[in-house]
Amino acid sequence: MEPDRGEEQLAENLRQRLRIMEPDKDEQQEELIKTFRHRLKEKISVGPVLNHLYFISHEDKERILQKLKTEGDASAANQLIDVVLKKPHPEGWFRAFVDALIHGDSKYAAMVLEGSPKPEEEEENDYCVALVRLLAPSLVQMKTADVCCECFSLGLLGQDDNDKVLAEIDTQGPGRGAGELLRRIVRRPPGWFSTFLQVLKKTEHYPLLRELTGDPHWCEQQGETGALIDHETIFLHTFEEPDNDSTGHSSTVCECGLLTWMQLLFRLADLSYSEAAAEAPRSPEKTEIVLRDYQMEVARPALEGKNIIICLPTGSGKTRAAVYITKKHLDSRREAGSPGKVVVLVNKIPLVEQHYSTEFLPYLKQTYRVERVSGDSQLKISFAKTVQKNDIIICTAQILENYLERAENGEDEGVKMSDLTLIIIDECHHTQKGGVYNHIMMRYLMQKHKNLRLKKEQKKTVPLPQILGLTASPGVGGANTVAKAVEHIMRICANLDASEIMTRSQEEDRKQQRKTILTVENKDPFGDVIKTIMNAIHNEAKLSPICDLGSQNYEQWAVQKERQAAKEEDKTVRVCAEFLRRYNEGLILSNTIRMSDALSYLNKFHEEQIKKKTSVDGEQNIQITDTERFLFKLFKGEIEELETFSKNPKYENDSLSKLREQILREFSSRGQARGIIFTKTRHSAITLSQWIQENPKFADVEVKPSHVIGGGDQSDTKPMTAAEQKDVLKKFRAGEVNLLVATTVAEEGLDIPACNFVIRYGLSTNEIAMIQAKGRGRADDSSYTVVDVKNSGVAERECVNEYREEMMGKAINKIKGQSREAYQKQMMEFQLQAIMEERMRQVKRKQKAIKDEKPSHVKFSCRNCAKPVCSGEDIQIIENMHRVNVTTQFKELFIQRENATLQERLLDYETNAVIACKDCGQPWGSVMVYRGMDFPCLHVKNFVVNINGKKISNCTKWSDLPIRFTAFDYIEHASMMAQGSDEEMG
């Protein structure tokens, strides 16, 4: 950034006053830091500087480091400056801050505060920074490790910088490492540019030297001393004006009129190093989009500006057709003199990066500005500006919905539907009630029908974007007849305002998959022992289930029994139902994975239950009921037999045997096998992958497995991050992994290469999932196998799904055969119905808000022992999210226990322990550290809630309760705590 002369003069005046004035010294020093704040945050290396700052508290340092980790250097530096400026200041704070900058690899930042470099030096330095940014896409192609080594030896990188760059190379590759290196060297004091050129010369990066200097003979002009040509000469070479071309048009610089070449440099340099690093290695330039005949056929109505749904099988190029439509849409808008704005919506974070780097960016970056934003991206904070600056934005749907709502509420930084000219909705079959896609489209439909009224009144209408939906299968929505299937698909078409649903049968283009369903035998001695335990519990609690043990129906029955017993304060049935639910899960696991894995699951559960009955200091006498003693003794009495069966291979469950045979068959009969196993839970995906890795028979046929699971936190099993998913898929693509064990996360959308076999192991959901799973096996001679699991009903559901797939095809053909008038009439009817239903929901939401119960009418009791705990008046809410009870009475009711699974680092608080009932050990919530103080944070699922005499035991989240709790007043609480401390000390 070019230095501001007025700013420099103001800063110099402040420095002079600091030298001659002792009074108000702190105030002047603060003013100096504030004046240069924007420049300081670009130049500070936060990690090393923090190591040298003695007057910042440990809590503040932790928060700054968390900010560094989640949002990067600039945000962390900004927060660091806030903390430094916080009053009261300790003696010598300013000098200490400058010294920390000097010793923390941020000498340039220190020089800014101490009055050097001079304005002209800063101006020249900023030009160098801008040039490096401009040429970043080329510079990230460097041999990063070699350049890093030389930069470190010449002092251009500090130790911390060097370590960070090398770590980035190891984890993210040389391109990302180069981006990190460039970010760090431009923070160095003036003179870094000359040193960097010498480094490039020493490491023989002559093409990069020529780009930076603009002189093809640069290397020949340098003597042994390495004296460099003047920086201004370098820039003039870089932007030297070529002769006019044959048409008589001058260069870009000449066309700019009053724009100086240096202003042009800053305009062109609006590119971050990370963007360049992301683009360069992964996005080969592809300028021509060639569609197959069937792709052009389904895309044609969209090219005419119509709203349509493209329905093509997985792997048949829906996204490529969407890229083509996007280009033609933007081209036509540009030619008409009204630039377009395209938003591509996806429903999963990994799909953002996938669509960006493999489809939209490679084909469109030469002509249009493409950007991606997701929940993992820092750009979501400035989404409205990202939309303004770019032509194509790929994002998760919730981000767009949030900003549409902002605009509707009249807030700044919102996005209006009228700002967009084309919305592409990936996996558009999710555009149904309750989904975020449908929320977005409901705004569209309401404005569409409002426009019809405005048009009649001859008033100005609000422009709406074109809509393009993409799906492999709209499904039938559980329909049992073709008529119901037609209605389901028509409602999706209405929600998307689609004038047509475009399909193309590819049966003649692809060979028929070989399909096999493998059934299992019902021998299970391990499971029989678990059933014996469960029947003993039934007798103890006088329970009579009416469904099969080890089934999903049984789990639902157990959950209902637990909730009913909690409400009725029946401790025996409640604890028995909880144990039965866990045994049922163990039974399902023993039918799916190794018996030893199922036994480990049950062992872990029992250890946790016993731990609940033990206080940390051993002094608290936690109640153990007769029922709990019975349950502990029952498991202890059967564990030896369970261990015996789990260690004997001949008792392996039949489903696992069938799966092993099928995997070996696929890898033995194919020259190069590549396959996916779909399974139901994260736990089974991980344990199946381990089972394959540990079995030497699979190694003999060169099976190289890995697993892919989801990224949400709804399960007890640790989720997989987007980066981890991407890494596994990259290895699968490269052949380092040839067998994926995956949950349903891999069925939909993710860019997985063509496989030659797909196995659904004990998993059958609906016809959409089946079609998408089958679509993963797109290679010639591919096979599709369903392995049944005891009590899963998979084989039966697979047959039903096949019938529904056939029904879906008939329904789509029936819709396409309708007259235009009939289709439009039904569309209008469904849209008006959807609008009316949405308005009714809005009215009910407002009525519900009005009917919020008073906190004093709500009572909470322990879910396990029914002990009264508190009323709603005792609970306060922090940041509209966390419910805490800070009363002295509540403090006497619970014990505190460490829990490693809760040790998460969060933005400005942390949880590192659980709180539990002092009488029975039932967990109630967690200890929350917020702004330096501990607070007991309650989890509503651990309580029975009584509202005006009506008991509720099925609340899983606080939003289920119609109560508005009092906002927590931190200042008032801190004052009370401080007074209490003073009294104790007095």
Side-chain angles (χ1 to χ4, degrees), residues 301-302 304-311 329 341-347 395-410 414-457 459-471 474-475 477 486-502 815 818 820-846:
E304 297 167 4
K306 295 178 181 176
N307 294 352
I308 64 166
I309 295 172
I310 292 179
C311 179
H329 172 85
K341 188 79 65 179
V342 181
V343 170
V344 183
L345 301 179
V346 299
N347 61 339
C395 65
T396 42
Q398 190 61 55
I399 291 176
L400 177 62
E401 167 63 11
N402 293 345
Y403 278 79
L404 288 171
E405 187 171 0
R406 283 192 188 188
E408 194 173 280
N409 294 337
V415 174
K416 296 178 182 176
M417 188 76 75
S418 57
D419 295 336
L420 313 176
T421 59
L422 171 63
I423 297 178
I424 299 173
I425 301 180
D426 192 33
E427 309 295 350
C428 69
H429 53 271
H430 291 298
T431 313
Q432 300 183 57
K433 290 179 184 177
V436 64
Y437 283 164
N438 211 43
H439 292 162
I440 292 169
M441 285 308 302
M442 192 52 60
R443 298 178 189 279
Y444 175 100
L445 293 178
M446 285 180 163
Q447 188 59 57
K448 173 193 170 181
H449 287 272
K450 190 176 179 181
N451 279 351
L452 293 175
R453 191 185 74 242
L454 292 171
K455 196 172 182 181
K456 282 182 183 178
E457 297 169 356
K459 293 180 180 177
K460 187 179 179 182
T461 58
V462 176
L464 287 171
Q466 180 183 349
I467 304 296
L468 172 62
L470 308 175
T471 184
V486 168
E487 180 181 334
H488 168 79
I489 297 169
M490 277 298 299
R491 285 190 185 277
I492 292 176
C493 291
N495 291 342
L496 289 160
D497 197 39
S499 63
E500 288 183 78
I501 179 168
M502 304 300 296
I815 290 169
Q818 287 181 338
R820 176 56 42 192
E821 294 75 18
Y823 180 87
Q824 292 290 358
K825 182 181 177 183
Q826 196 167 13
M827 281 267 291
M828 181 67 73
E829 180 185 327
F830 285 147
Q831 286 181 356
L832 289 172
Q833 182 184 342
I835 290 169
M836 292 307 297
E837 287 175 353
E838 177 60 22
R839 284 177 178 161
M840 289 300 295
R841 278 193 291 272
Q842 289 176 356
V843 169
K844 285 180 180 178
R845 277 197 294 269
K846 287 179 181 177

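None of the values given here were measured: they were computed from a predicted structure.
The side chain to side chain contact (heavy atoms under 4.5 Å, CB included) check on Q826 picks up M490, Q818, F830, with sequence neighbours excluded. Qualifying salt bridge (charged side-chain N to carboxylate O under 4.0 Å, His left out) partners for E487, counting only residues two or more places apart in sequence or in other chains: R491. Contacts of D497 classified as side chain to side chain contact (heavy atoms under 4.5 Å, CB included), with partners at least two apart in sequence or in another chain: N307, Y444, L445, K448, M827, Q831. Applying the side chain to side chain contact (heavy atoms under 4.5 Å, CB included) rule to Q398 yields the partners E401, N402, V436; only residues at least two apart in sequence or on another chain are considered. A search for salt bridge (charged side-chain N to carboxylate O under 4.0 Å, His left out) contacts involving K341 returns nothing, not counting sequence neighbours. Qualifying salt bridge (charged side-chain N to carboxylate O under 4.0 Å, His left out) partners for E821, counting only residues two or more places apart in sequence or in other chains: none. Take E408 and apply the side-chain hydrogen bond (donor to acceptor under 3.5 Å, both in side chains) test, not counting sequence neighbours, and it matches R443. Residues passing the side chain to side chain contact (heavy atoms under 4.5 Å, CB included) test with R820 are S499, E500, Y823, Q824, sequence neighbours excluded. Under the rule for a salt bridge (charged side-chain N to carboxylate O under 4.0 Å, His left out), K460 has no partner lying at least two apart in sequence or in another chain. In this view, Q447 and N451 satisfy the side-chain hydrogen bond (donor to acceptor under 3.5 Å, both in side chains) rule, not counting sequence neighbours.
You'll find the side chain of Q432 reaches within 4.5 Å of the side chain of I492, heavy atoms only. Within the 4.5 Å cutoff, the side chain of I308 has heavy atoms near those of the L468 side chain. Contact check for D426 versus V344: no side-chain heavy atoms found under the 4.5 Å cut-off. Under the 4.5 Å side-chain criterion, counting only non-hydrogen atoms from C-beta, I423 is in contact with M417. The closest side-chain heavy-atom distance from C428 to L470 is not below 4.5 Å.
Q833 and E837 are linked by a side-chain donor-acceptor pair at a separation below 3.5 angstrom, with hydrogens and angles left out of the test.
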